[in-house]
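Right, one structure below, let's go through it.
Sequence positions, counted from 1, serve as the residue numbers for this chain.
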Amino acid sequence: QVQLVESGGGLVEAGGSLRLSCAASGRTFSSYTMGWFRQAPGKEREFVARISWNGGTTYYADSVKGRFTISRDNAKNTVYLQMNSLKPEDTAVYYCNARIFNVDYDRVLISSWGQGTQVTVSS
């Protein structure tokens with residue numbers, strides 16, 4: 001079990017930037033694949049970005065590719081999402097997620113979620 005707490009959300013004008021942080025408590029943070037998801041009112045929760053346990057592999061949704069950057073600092077048990085060139089369609093509650101996969105990386109064994117942080121981008 002890992003506990004996740006997001007921070008850094010807020011109100012920003014279109015074209016601006018925000019940096020989200022996700023602080024994790026647990027003894028095996030470096031074992032988790034970390035990711036960010038978001039959910040707008042009336043919409044399904046959607047994938048935004050993920051990063052492998054050692055930070056060597058990242059993957060982004062097409063909608064944020066080139067604008068968002070995910071990173072992690074295992075020494076600080078923290079994952080970040082740097083969001084640049086924000087658009088009104090980025091408005092959503094952003095959730096931090098921690099996952100442990102099986103050895104074949106096709107099944108999720110453990111998945112934990114933070115409480116979410118609101119990001120609002122005005123036009």
Does S122 reach the side chain of V12, with side-chain heavy atoms less than 4.5 Å apart? no
Using the benzene-type ring in the case of Trp, are the ring centres of Y95 and F37 under 6.0 Å apart? no
Under 3.5 Å: donor-acceptor pair, side chain of E6, backbone of G116: yes
For A40 and T91, the nearest pair of non-hydrogen atoms, with its separation, is CB-O, 3.8 Å
Measure across S63 and R38 and return the closest heavy-atom pair with its distance rounded to 0.1 Å. OG-NH2, 3.5 Å
Go through the side-chain N and O atoms of S112 and N97 and say whether any donor and acceptor fall under 3.5 Å apart. no
Salt-bridge test for K65 and D62: reply yes if a basic N is under 4.0 Å from a carboxylate O, no otherwise. yes
Which atoms form the tightest heavy-atom contact between W36 and S21, and what is the distance? CH2-O, 3.8 Å
CD/E46: more than 12 non-hydrogen atoms of other groups inside 6.0 Å: yes
Show the nearest heavy-atom pair for residues D90 and Y94, with the distance to one decimal. O-OH, 2.7 Å
Report yes or no: do S17 and N84 form a side-chain donor-acceptor pair below 3.5 Å? yes
If you take all heavy atoms of S52 and R72, which pair is closest and at what distance? O-NH1, 2.8 Å
